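Treat the numbers as computed from the prediction; the structure is a model and nothing was measured. As a basis for the values below, the full set of heavy atoms in this structure was taken, side chains included, without hydrogen atoms, waters or symmetry mates.
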Amino acid sequence: MKPPPFTYCDPESVDEAVALKSEYGNDSLVLAGGQSLLPLLNMRLARPEALIDINKIGDLQKIERRVGILEVGAGVRQYELEDHPLVGELVPLLPEATGYIGHIENRHRGTVGGSLAHADSAAELPCTAVALDATVVVQGPSGTRTIAAQDFFQGWMTTALEPEEVLVAIRYPVTPWTAGHGFVEVARRVGDLALAGAAAVVNLDEDGRFTSVSVGVLGISDTTVRASAVESALIGEAPTEENIARAAKEIVPSVTSEDDLHATRAYRRHLASVVVSRAITAAVARARERSNGK
Amino acid sequence: MTTSTAAKYGIARRTVTMRVNGRDVTREVSTRTTLADFLRDELDLVSVHLGCEHGVCGCCNVLFDGHSVRSCLMLAVQGDGHTVETVESLSVDPTELHPIQESFAEEQGLQCGFCTPAMVLRTKEIIETGREMTDAEVRHEISGILCRCTGYQNIVNAVQSAGAKLRGEATADGAAGGRS
Amino acid sequence: MTTEHTDTAQKPGYKYIGKDRKRVEDPRLLVGRGGYIADLRLPGMLHAAILRSPVPHAWIRSVDATEALRLPGVVAVLTGEDCKAKMNPCMNFGPATVAQYPLAVDKVRYVGEAVAAVVAESRYLAEDGVDLLEVDYEDLPPVTDPMAAMEPESAVLHEEHGSNIGCERTFEFGDVNAAFAGADLVVEDTLHWGRSAGMPMETTGAVAQPGFNGVLEIYCNSLNFSYFAFLIAGALRLPSNKLTMKPVPAGGSFGSKLAAHKVPTLAGFLALRVGRPVSYVEDRIDHIVNSDHHGCDRYYEARMGFRADGTIVGLDIDVVDDYGAYMQFGVGHHGNAFSQVVGPYRFRDVRYRLRAVLTDKCQQGAYRGFGSEVHNWVLERLVDSGAARLGLAPEEIRRRNFIQPDQFPYTIPGGNVYDSGDYPAVLDKALSMIDLDRWRAEQKRLWAEEGRCIGIGLATTQERSVFSSTEFWSLVEKPVLPVTSSPESATVTIDPTGQFQLLLHCQSMWGNSPETVGATVLAEEFGIPPESVNVRYADSAHALPSTGPGGSRYTVMVAGAIRGASRKLRRKLIQIAAHTLEVAAEDLELVDARVQVTDAPETGLTLAELAGTAYFFALSLPEGTTSGLEESYTYDHPYTTLPAPDGSDFGVFYPIMGHACHIAVLEVDPDTGIPSFLDYVAVHDAGTIVNPRSLGGHVTGGATQGIGTTLYEELAYDEDGQFLSSTFRDYLIPTAGEVPAFRIGHVETPSPFTEYGIKGGGEGGRMVAPAAVSAAIDDALREYGMRVRQLPVKPSDIVAAVQAGAGRAEAG
């Protein structure tokens with residue numbers, strides 16, 4: 001189980017990486033943390049002509065606070081999301097969700113951009129990006145452009161990234177301090193790809209009713225899903241157990257996964273509403289804590 | 001677009017220099033050689049065990065710039081300019097074990113030895129966080145390394161015992177630090 | 001919570017046996033020098049990679065290696081055609097009409113079967129060569145469902161065999177119909193035990209080199225080649241004295257390296273063809289899809305009869321065993337079931353119908369329990385079912401049926417003997433370690449107040465140990481090779497300075513503790529520090545008869561061999577001392593590495609002094625004594641008998657009988673189907689314990705594998721024969737996060753038939769955990785009518801059962 005031959009390129013700037021992508025296009029793959037790509041190479045399920053290693057590009061490794069925005073470079077290692085004080089302060093959902101990515105050994109090496117570009121429907125970072133209304137920043141030969149996370153993830157391991165483009169950063173809106181967040185996922189073992197999971201951010205008004213609900217769901221379809229029907233069913237409602245459970249059922253039509261080795265379709269249809277309901281419940285509890293000044 | 005950008009990378013072999021177990025080593029390697037194979041085949045660090053070569057079992061874990069990583073999921077060329085530690089950095093002398101290795105021996109936190117170097121390194125990393133952990137937390141922290149022999153109980157004991165030892169805590173019965 | 005040793009029956013007579021001591025194997029392993037097969041490099045060594053079949057069943061029309069052979073660095077490509085021309089089939093204890101080669105000959109019979117091997121300067125280049133091979137397959141209908149495979153219209157795997165039924169037999173002991181006619185209750189169940197495997201962290205590998213004098217040397221991390229080497233030689237068409245198997249420690253086996261033969265046979269074949277050393281080490285996918293040793297895959301229709309008071313009256317088993325494409329061990333797995341067919345219970349009437357079926361899957365081999373663990377799961381499932389119907393607690397129904405301590409030695413239906421045991425004591429010990437009343441109250445409260453599902457599962461197992469080779473053939477109607485030997489040997493040498501060398505006569509290190517056991521026995525016999533013993537392994541050219549680890553035999557057998565050799569050495573030492581000290585031999589004793597006068601212990605000679613005399617002062621030796629201090633001993637099976645000639649019983653073949661009781665407490669989340677353990681107690685009786693902590697490690701390791709088989713692990717084929725779990729992302733070995741904090745207790749009932757009374761203890765953990773965990777899941781979801789009938793039981797299965805149960809409750 002050894003990688004096939006490839007041309008190894010290790011550019012030191014985004015411009016150079018983009019130039020290489022422009023030359024090789026679909027015959028090249030970007031190597032970020034390698035936690036998904038190297039297994040594919042070792043099993044020879046991926047056979048790129050060129051491997052473009054972006055680990056030497058310092059510009060991709062920054063975590064920065066902008067106005068209303070937390071910008072995370074594509075090359076930031078996942079564990080840094082768990083440890084970095086700015087991340088926990090500005091977007092507290094992120095460290096919590098990141099802790100579910102594989103094992104610590106994977107997070108030490110795996111990158112934020114790598115996970116987003118790989119676009120596994122069961123992955124945590126695409127799900128949180130969608131739930132948080134994040135924006136993906138990509139750079140191509142003609143400069144940079146931004147793509148809303150929901151538009152970025154297009155299908156099974158497919159993104160809006162063009163063959164000559166490189167993902168450079170992701171911008172998360174800073175979560176309002178009154179908001180509550182929740183993240184729940186169910187996997188067969190610690191660190192396994194989730195059977196299903198959900199990320200939720202909610203805001204409650206003075207009467208304790210939902211003013212905003214934002215839910216991303218992973219593992220139930222060919223891409224991460226924004227649970228819009230669940231959200232709209234809750235706006236203006238009181239966060240009671242019954243209301244949440246009823247609204248969570250709205251996720252069921254979005255479950256398109258077929259039976260696989262680890263779960264049946266029927267199970268995922270059931271589990272989707274369970275994780276959605278639990279994530280919202282956790283988010284509500286946090287929102288209440290915050291509004292109580294805890 | 002010209003092919004000039006790519007042209008400079010058209011070399012199948014590279015010279016890499018990395019600091020391995022405290023010493024700088026320079027070797028020429030094929031660019032597709034994994035870090036694991038490099039450590040094993042070029043440097044004879046055979047404590048790095050290949051259990052799955054797709055990043056699940058953890059038997060090839062090494063400390064890369066101080067953090068545990070799967071060395072089967074890295075290329076040797078990516079180690080250029082970086083620091084790698086394997087279990088050989090603790091002790092290569094079976095008669096003079098490092099306290100962590102000693103704790104594993106005392107608690108029998110190993111049977112066949114194949115996951116052991118990774119478990120020992122992970123223990124070092126856990127202890128260096130300075131955080132005391134419950135047994136359940138230790139289980140979570142070592143869950144990235146599969147052991148097929150022990151059922152993990154004695155490994156958890158070894159991690160706790162080594163932690164107590166290195167923090168200088170006296171233990172009730174010496175060896176069995178984690179015992180409740 | 002951590003492991004808690006509860007020792008009973010202290011053995012004050014022993015100084016080393018029975019004590020928690022560090023293992024002598026560990027220091028080298030801790031510094032990363034385990035000496036594994038992948039660490040071995042020979043000058044000029046080449047590497048092999050194999051092409052695995054992508055289709056389940058097809059004729060191989062051609063293999064085109066033209067492009068591969070053009071690749072620089074590729075040395076050779078070999079295929080089944082080469083095997084057919086230059087080899088005999090691999091070792092095989094099954095029907096001769098089901099022949100296997102290390103590379104598929106003429107047709108492929110499962111996804112992953114090796115089709116061709118590329119030998120190259122590196123493994124990277126060998127895999128590049130594999131990529132360039134072109135194979136023309138002519139697809140045949142896949143045979144995947146064992147029931148359909150038995151139908152006459154099914155495609156046939158082995159044309160020469162003629163059907164897909166490898167073996168069909170019915171055995172009856174007693175009269176099951178009569179027993180059931182008199183029963184107050186007969187429970188029945190349809191059960192499926194899914195395929196899992198030992199799956200050690202290290203795969204199987206071999207390095208073969210053409211050596212001196214035309215001898216082929218094969219280094220291999222397999223275990224039993226002192227016993228089986230001649231069979232590898234036969235496959236390679238070599239005179240057996242021209243093949244030497246070199247022992248290499250294994251990074252785990254659990255059965256998977258017991259007589260692993262395809263890998264060394266292939267490496268040997270390749271080395272002979274290219275005339276250079278060749279290394280073939282399976283990668284993980286090779287190992288998962290193409291190893292010698294997938295575990296059992298069985299479908300049961302099973303019935304058990306009871307009287308109203310809970311007394312079991314009989315057992316009726318109809319089992320279809322999905323053996324996969326080959327049957328290397330015949331149906332030996334069912335011989336294992338017969339070694340403890342009634343479990344620890346007294347009933348006498350048993351019927352057992354077996355159909356072994358060939359399908360397009362990897363072959364079955366050995367996995368911790370070797371089939372007896374499956375039988376135990378079925379037995380315990382039925383006992384629990386009966387208990388539930390009769391309103392008896394699981395511990396109570398077992399207690400009422402146990403064979404009693406005064407009944408040993410006890411002959412079971414089928415003829416095997418249980419040597420000794422105290423099953424009530426094991427149960428009592430387990431119950432004393434866990435407060436069942438508290439858990440049962442807590443279970444009720446949490447369900448009533450919070451709707452939480454707590455389950456308690458209790459199960460027992462017999463742990464047969466020390467197989468006799470009669471079990472290889474006693475189930476077969478016309479055995480080809482009715483062997484009766486399964487010996488183990490040891491050579492003990494005291495060198496001229498008094499230091500000890502222990503030579504073991506097979507590769508027995510796979511994570512068990514052969515060196516610790518050996519050193520402990522020598523310490524006991526001679527009063528030397530165990531750590532001072534140096535342990536080595538003989539290659540097959542130097543080995544005395546040795547059967548190797550397997551069937552929980554090694555500790556018992558090697559202890560017998562070492563003690564036998566030690567007695568001979570002790571006798572010689574005392575003779576030399578008697579001669580030197582001019583006292584009568586019967587007035588001397590060996591204490592703490594010194595031979596001394598019993599009544600005047602200050603007069604004596606150290607082992608070093610005696611060794612010096614033995615090696616360098618021949619003229620000071622008693623007459624008839626030759627120089628040196630080395631003795632060997634071959635220990636035969638301590639208690640085995642021939643099967644009855646009329647097939648009415650199997651004889652005594654697995655009599656050294658351990659016992660265990662596990663109690664699992666877990667919570668199941670009924671909304672997600674995810675179980676999590678709250679407590680787990682495991683009490684084992686493995687006779688006299690050599691090293692409690694090592695035994696405890698086997699218990700926890702085995703139980704973890706049992707949990708894996710029950711909840712996570714699955715070697716899964718779809719109905720088209722495609723393999724679904726070929727990587728560690730899909731074959732789910734439990735991590736530290738899934739398994740409980742085990743608490744261990746020991747009961748010691750020494751065997752009357754073995755040295756020191758030791759029994760085997762390597763497999764029991766895996767043999768009982770599936771029954772305990774299945775029972776706990778049922779118990780947790782009893783309100784929903786949960787019944788575990790198929791392993792692994794997955795979250796989807798649990799939620800489906802919960803939903804069905806909830807639906808029934810609403811409808812009702």
Side-chain angles (χ1 to χ4, degrees), chain A residues 1-6 35-36 38-47 99-100 102-106 120 122 184-198 219 241 245 248 257-279 281, chain C residues 47 49 71 120 122-128 130-132 203 281-287 669-676 707-708 711-718 722-739 792 794-804:
Chain A
M1 210 186 282
K2 309 292 183 191
F6 47 74
Q35 301 303 291
S36 300
L38 257 295
L40 294 174
L41 284 173
N42 288 356
M43 294 182 214
R44 301 194 177 210
L45 297 171
R47 297 161 184 275
Y100 286 88
H103 297 278
I104 187 66
E105 295 91 338
N106 306 108
D120 193 311
V184 171
E185 76 167 49
V186 173
R188 290 188 67 187
R189 297 178 303 179
V190 178
D192 278 340
L193 270 184
L195 301 173
E241 200 176 315
S257 298
E258 297 298 328
D259 291 359
D260 64 27
L261 179 65
H262 302 295
T264 59
R265 175 180 165 82
Y267 172 80
R268 280 203 169 88
R269 283 165 64 88
H270 166 79
L271 188 63
S273 60
V274 171
V275 292
V276 165
S277 156
R278 288 183 182 182
T281 304
Chain C
H47 297 263
L71 191 73
S122 75
R123 175 81 189 203
Y124 287 75
L125 291 169
E127 293 189 21
D128 293 350
V130 167
D131 282 350
L132 296 171
T203 61
V281 179
E282 295 171 328
D283 68 26
R284 182 53 59 183
I285 295 176
D286 292 331
H287 185 78
D669 180 337
D671 276 331
T672 64
I674 300 289
S676 47
I707 289 167
L711 299 175
Y712 302 104
E713 298 175 36
E714 189 176 17
L715 294 163
Y717 293 84
D718 70 13
Q722 283 299 322
F723 200 86
L724 302 178
S725 50
S726 62
T727 75
F728 272 176
R729 300 226 162 175
D730 288 317
Y731 188 84
L732 308 181
I733 287 171
T735 78
E738 281 72 57
V739 298
K794 299 191 246 188
S796 321
D797 304 324
I798 288 173
V799 166
V802 166
Q803 289 178 330

Smallest separation among heavy atoms of [X] and [Y], with atom names:
{"X": "Asp128(C)", "Y": "Pro4(A)", "value": "OD1-CA, 4.5 Å"}
{"X": "Val186(A)", "Y": "Thr672(C)", "value": "CG2-CG2, 3.8 Å"}
{"X": "Glu127(C)", "Y": "Lys2(A)", "value": "OE1-N, 2.8 Å"}
{"X": "Met1(A)", "Y": "Asp283(C)", "value": "N-OD2, 3.2 Å"}
{"X": "Met43(A)", "Y": "Thr727(C)", "value": "CE-CG2, 3.8 Å"}
{"X": "Asp671(C)", "Y": "Arg278(A)", "value": "CB-NH2, 3.5 Å"}

### Query
Roughly how far, to the nearest 0.5 Å, is the NE2 atom of His262(A) from the CG atom of Leu732(C)?
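One finds 5.0 Å between CG of Leu732(C) and NE2 of His262(A).
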Can you say whether [X] sits under 4.5 Å from chain C via the side chain, the backbone, both, or neither, judging by heavy atoms?
{"X": "Pro3(A)", "value": "both"}
{"X": "Ala187(A)", "value": "backbone"}
{"X": "Arg268(A)", "value": "neither"}

### Query
Under a 4.5 Å heavy-atom cutoff, which of Val275(A), Leu195(A), Leu261(A) has the most pairs with chain C?
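Answer, by heavy-atom pair count under 4.5 Å with chain C: Leu261(A).
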### Message
Looking at chain C, which one of Pro5(A), Ser273(A), Ala266(A) has the largest number of heavy-atom pairs inside 4.5 Å, strictly under?
### Response
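Highest number of pairs under 4.5 Å: Pro5(A).
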### When Ala736(C), Gly737(C), Pro795(C), Ala716(C) are compared by non-hydrogen pairs under 4.5 Å with chain A, the top option
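Max contact count across the listed options: Pro795(C).
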### Task
Name the option with the most non-hydrogen atom pairs under 4.5 Å to chain A; the candidates are Asp286(C), Asp718(C), Asp131(C).
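Of the options given, most contacts go to Asp131(C).
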### Query
Checking Ile285(C) against chain A: side chain, backbone, both or neither under 4.5 Å from a heavy atom?
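Contact with chain A: backbone and side chain both.
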N/O donor-acceptor pair under 3.5 Å between [X] side chain and [Y] backbone:
{"X": "Arg188(A)", "Y": "Leu711(C)", "answer": "yes"}
{"X": "Ser796(C)", "Y": "Thr264(A)", "answer": "yes"}
{"X": "Arg189(A)", "Y": "Ile733(C)", "answer": "yes"}

